[in-house]
Amino acid sequence: MSIYDTLNAEQKRAVEHDKGPLLILAGAGSGKTRVLTHRIAYLMENKGVNPWNILALTFTNKAAGEMRERVDNIVGYGSENIWVSTFHSTCVRILRRWIDVLGFDKGFTIYDSDDQKTLMREICKYLQIDTKNMKERSLLSVISSAKDELITPEEYELRAVGDFTKGKYAAVYKEYQKRLRANNALDFDDLICKTIELFQTSKEALAYYQRRFQYIMVDEYQDTNTAQFKLIKLLADGVNEEGLREHNLCVVGDDDQSIYKFRGANIFNILNFEKEYPQAKVIKLEQNYRSTKRILEAANEVIANNVGRKDKALWTDNAEGDVVHFTQFDRDSQEAECIVNEIAQAVQSEEASYQDFAILYRTNAQSRIFEEKLVVKNIPYKIIGSINFYARKEVKDLLSYLKTIGNGQDSLAVKRIINIPKRGIGLATIDKVEEYAIRNDISFYEALRQADYIPGLQRAAARISPFVSLIEILKSNISRPDYSISDLLDEIIEATGYIEDLKGQELENEDDRIEIIGELKSKIVAFEEAALEPPSLSDFLEEVALVSDIDNLTEDNNVVVLMTLHSAKGLEFPYVYLCGMEEGIFPSYMSIHADDPETEIEEERRLCYVGITRAMKRLSLSACSQRMLRGETQFNRPSRFIREIPRYLLTMEQNPYNSNPFRSNSHASLVPEFNSRLQPAGVAHSTNPAASSNRDMGSIFDKNKPFTQPPREFGGSNLGTIDYGIGDTVSHIKFGVGLVTNINNAGKDYEVTVDFGTTGTKKMLASFAKLKKLS
DNA sequence: GAATAATAATTTTTT
DNA sequence: ATTATTATTC
C-alpha cells in the first residue's frame with residue numbers, strides 16, 4: 001500500500017507522468033493540488049529527481065505555502081529545497097540577484113497600486129493631461145495591458161503612429177517607465193517583464209535558471225498572461241545534462257475558472273497549450289470530491305451557458321445533499337442580519353462551527369454591512385481584502401520612512417513623509433526642490449541634501465536640513481550589526497514624534513490608529529522571528545508588497561470568513577453564502593454595459609461557477625430588492641445566474657422578515673424593532689422617482705420572470721412619486737431644514753428647489769438629495 | 001507660504 | 001463614506 005493508491009486512475013496517470021509537457025485540466029474540487037503535490041513527491045521518491053531542480057509556480061503565497069507543507073508531509077525530507085513560490089516572488093528573487101544587468105540597483109522598491117496612482121498623477125500634471133478625459137486608472141490599465149502583452153514603450157509608440165489617443169498613451173507610458181527607473185522602482189507587471197528582459201539580455205542568467213529548473217509546475221494555469229507564459233516557456237526551454245530539450249512542464253488549470261481576464265489572463269494559454277507543445281499529454285480530472293450532487297449540478301447548469309469551453313463533465317460520488325437555497329430579501333440589511341442569525345443558530349445548536357462558514361460577495365464594499373451585524377452578534381469573523389492593512393495611512397507613512405531609508409531614490413516615499421509630521425514644508429517648497437532635481441538630473445532626496453544651493457529657498461532650506469539629518473542618522477544605524485527592523489521602526493516613531501503628532505490631531509479614532517502602528521510593529525517582529533537569518537530592510541518591504549491578505553488565512557482560527565468571489569478561488573467551505581445575487585451587482589453593472597457584454601458576462605458566469613463550487617455541504621444564495629451603494633439606494637432584479645439553476649435544485653425561501661415576523665426562531669424579538677426602523681424613515685428613498693428608472697436596468701427579465709413568488713412592495717406602493725410638494729418643510733442631511741419653493745419634472749427625476757434660509761437656496765435632484773418631509 | 005476648511009470625485013474583481 | 005483637490009484664511 002503506497003500513498004499513490006489513494007489516487008483515482010486519472011490522478012495516478014498525472015502523478016506518474018515524468019518527462020515532457022503535460023496539461024492537466026482539473027475541474028473544481030477534483031484534487032488538483034493533491035495531484036501536484038503527489039507528483040512532486042513521486043518525482044523525488046521514484047524518479048530520483050533532485051528537489052533543487054523543481055520549480056512550482058502559484059498565484060498566491062498561500063497556495064505556495066500549502067503546497068510546500070503538503071509535499072513535506074508526504075516526503076518528509078528535502079521539500080525546503082523545492083522552489084515553490086508565486087510568479088511575482090520568484091521574479092523578485094531572481095531580480096534581486098541580477099537586476100544590475102538592466103541598470104537598476106538591487107535594492108529596488110516595488111510599487112503597489114496606490115504608488116502607481118500617485119506616480120501617474122504626477123505624470124498627468126507634468127504632461128498636462130486633463131484627467132477628466134483620461135483617468136489615471138485607465139492610463140494605468142492601458143500600460144498594464146501593454147506590459148502583459150510584452151509591448152515596450154518604444155513599440156507602443158511605433159504602433160501608435162497616426163492615432164492621437166494612442167500617441168498620448170505612448171507618451172505617458174514612456175514617462176511612467178522613465179520615472180520608475182529614476183525612482184529605482186518596479187511595479188507588479190515589471191517584475192515579470194524585467195525578468196524576461198533579463199533572460200533576453202543575459203544568456204548567463206537564463207542558462208543558470210534553465211539548468212536549475214528541470215521540472216516546472218504551474219498552478220492555476222488559466223490565469224497566466226502572455227508575459228507569464230513567455231517566462232515559463234523561456235525557463236522550460238533549457239536542456240538537461242544530456243543536452244536534450246525535454247520541456248518537463250506540467251500545467252494545471254480549469255478554463256471554467258478563468259476569472260482574471262481583466263488582469264490580462266490569456267485564456268489561449270490553456271486552450272492552445274497543445275498547439276504550442278504538440279507532444280503534450282492531456283489529462284482530464286473530472287471527478288469532484290468536494291461538493292454534493294445537487295451543488296455540483298447547479299454549478300454545471302450555470303456554466304453550461306458559456307460557449308467556447310473545453311469539453312468536460314464534472315461528476316461526483318458524493319451524497320445527493322441538501323437543495324440549494326435561494327432567498328430574496330427586501331434590503332441588504334435584512335440579508336446580512338438573516339445570514340448572520342442563521343450562522344449563529346447553526347453554531348449554537350452545534351451543527352457546525354464558525355470556520356465552516358464563508359460569506360462571499362462580488363465587491364468588497366458589500367462586506368461592511370455584514371461586519372456590522374457580526375459585531376452586534378459577537379461572532380468572530382475575518383474579512384479578507386477589503387481595507388488592506390498596508391493601505392492604512394499610518395502604515396503607509398511609516399513604511400515610507402522605511403522605504404526612504406532603504407532606497408533614497410524612491411522619490412514617492414520621500415515626498416509622502418517630508419511634511420509628516422508637519423515641518424513647515426509646503427507645496428511651493430516641494431515644487432522648487434523637484435524642479436532643481438529635474439534640472440540637475442538627481443533624485444528628489446539628493447536635491448533635499450543640497451537644499452542650501454537651491455535658489456529661492458532661504459527659510460525653507462532651514463526646515464529641510466533637520467529632515468535630511470534625521471534620515472541620515474537613521475540610515476547610518478542600518479549598518480550596525482545588531483540592528484533590527486523593529487528597532488528602526490521604534491527609532492523612527494521616537495525621532496519623528498509620530499504618535500504624539502497623531503494624538504495632537506484630535507482625531508476621533510486615535511486609539512485605532514495607534515493600535516494599527518502596534519500591529520505593524522508586531523508584523524515586523526513576527527517577520528524577523530520567522531526568518532532563518534536576519535532579514536534586510538528590502539526583504540521586509542518586499543514581503544509587504546507581495547503578501548496579500550488571503551495568504552494569512554489559516555485554518556486554526558475558528559472564525560467566519562468574508563471575502564470576494566475572486567479571493568475565494570482555491571478554497572472550500574462546508575457552508576457557503578453567495579449574497580448579492582442581483583443584476584448590476586453580479587453580474588456587475590460594468591459587465592452588462594461593456595462594449596462586449598457577451599464575453600464579459602461569460603467571465604462573470606465563471607466567477608459564479610467558482611463561487612458555487614466552493615460549497616461542500618450547503619449553498620445559500622440571496623438577493624435584495626433594495627440596496628445601499630455609495631450612499632445611494634439601488635433597486636435590482638435577481639441575477640440571471642439564479643435563473644440558470646434549474647428550479648428542481650432550488651428552494652425559494654420566504655423572506656423571514658416579511659412573511660412571518662414571529663417565525664419560531666430564537667431571534668424573533670429582533671423583528672418588530674427592525675421593521676419599525678425600516679418603514680417610515682426609509683420611505684423617502686423608496687418613493688423617489690429615480691428609483692423606478694434604476695429599476696429598469698434589470699428589465700430584461702420582465703418578459704421572462706423566473707419567480708413564482710408574488711412581487712412584494714417596498715414600504716409603500718407609491719413608487720415613482722415624492723411625498724412632499726411646494727410649500728412643504730423638508731430636511732436635508734447636510735443643509736438642514738428648508739422650505740420647498742419649486743419642483744420641476746426633469747425627465748426621469750424631479751428637480752427640487754429648497755430654501756434653506758441662511759444656508760441659501762439650493763436646486764437638487766430628488767433622487768440624490770434624500771429629502772425628508774417634516775410635517 | 002503653509003494650514004485649514006470646503007468641495008469634488010470615486011469603486012469591480014488583484015499579484 | 002472616504003479621500004484628493006481647491007479655495008480661503010492665517
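Order of the sequence lines fixes the chain letters, A, B, ..., with proteins taken first and strands second; residue numbering starts at 1 for each chain. What you see below is based on every heavy atom in this structure, not just the backbone, and it leaves out hydrogens, waters and symmetry mates.
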Please report the interatomic distance CZ(A:Arg605) to CD1(A:Ile612), rounded to the nearest 0.5 Å. 10.5 Å

If you look at every strand shown and take non-hydrogen atoms under 4.0 Å, does A:Tyr260 touch a base, only sugar-phosphate, or nothing? sugar-phosphate

Taking atom P of B:dT14 as reference, at what distance in whole Å does atom CG of A:Asp187 sit? 18 Å

Could you tell me how far apart A:Tyr589 (OH) and B:dT13 (C1') are, to the nearest whole angstrom? 18 Å

Report, as yes or no, whether the 6.0 Å neighbourhood of atom CZ on A:Arg179 holds more than 12 heavy atoms from other residues, nucleotides or ligands. yes

With respect to the side chain of A:His566, which nucleotide from C:dA1, B:dT14, B:dT15 is positioned closest? B:dT14

Quick one: A:Lys135 NZ to C:dT3 P, roughly how many Å, whole number? 20 Å

Whether A:Lys32 and A:Asp254 form a salt bridge (side-chain N of Lys/Arg under 4.0 Å from carboxylate O of Asp/Glu) is what I want to check. no

Under 3.5 Å, which protein N or O atoms sit close to an N or O of nucleotides 2-4 of chain B? Give each pair with its distance.
| unit_1 | atom_1 | unit_2 | atom_2 | d |
| --- | --- | --- | --- | --- |
| B:dA2 | OP1 | A:Gly426 | N | 3.0 |
| B:dA2 | OP1 | A:Thr429 | OG1 | 2.5 |
| B:dA2 | OP2 | A:Ala428 | N | 3.4 |
| B:dA3 | OP2 | A:Asn419 | ND2 | 3.3 |

side-chain N/O A:Arg137 vs B:dT10 OP1/OP2, d < 4.0 Å: no

A:Thr90 and A:Ser85: side-chain donor and acceptor closer than 3.5 Å? yes

Between A:Glu434 and A:Lys415 (salt bridge meaning N to carboxylate O under 4.0 Å), is one present in this structure? yes

Are any of A:Lys432's side-chain N or O atoms less than 4.0 Å away from OP1 or OP2 of B:dG1? yes

Output the rounded distance in Å from CG (A:Asp114) to C1' (C:dA4). 12 Å

Using a heavy-atom distance cut-off of less than 4.0 Å, which residues of residues 219-232 of chain A contact DNA chain B? none

Which comes earlier along DNA chain B counting from the 5' end, the contact point of A:Gln116 or that of A:Ala365, where each point is its nearest nucleotide? A:Ala365

A:Ile259 CD1 to B:dT14 P, in whole Å, measures 9 Å

Indicate yes or no: does A:Lys432 engage A:Glu435 in a salt bridge with an N to O separation below 4.0 Å. no

Looking only at side chains, do A:Ser622 and A:Glu335 share a donor and an acceptor under 3.5 Å apart? yes

Roughly how many Å is it from NZ in A:Lys396 to P in C:dT3, rounded to a whole number? 12 Å

Would you say A:Ser567 reaches B:dT14's phosphate, i.e. side-chain N/O to OP1/OP2 under 4.0 Å? yes

Distance in angstrom units between A:Leu140 CG and B:dT13 C1', rounded: 16 Å

Please confirm whether the shortest side-chain N or O distance from A:Thr564 to OP1 or OP2 of B:dT14 is below 4.0 Å. yes

Would you call A:Glu66 and A:Lys62 a salt bridge, using N to O less than 4.0 angstrom? yes

Is any NZ, NE, NH1 or NH2 atom of the basic residue among A:Lys230 and A:Glu149 found under 4.0 Å from an Asp or Glu carboxylate oxygen of the other? no

It should be established whether A:Asn364 places a side-chain nitrogen or oxygen under 4.0 Å from OP1 or OP2 of nucleotide B:dT11. no

A:Lys396/A:Asp115 ion pair, N-O < 4.0 Å: yes

Applying a 4.0 Å non-hydrogen cut-off, can you work out what A:Lys117 is touching in the nucleic acid: base, sugar-phosphate, or nothing? sugar-phosphate

Using a 4.0 Å heavy-atom cut-off, does A:Phe59 contact any base of the nucleic acid, only the sugar-phosphate backbone, or nothing at all? sugar-phosphate

In whole angstroms, how far is the C1' atom of B:dT15 from the CD atom of A:Glu542? 13 Å

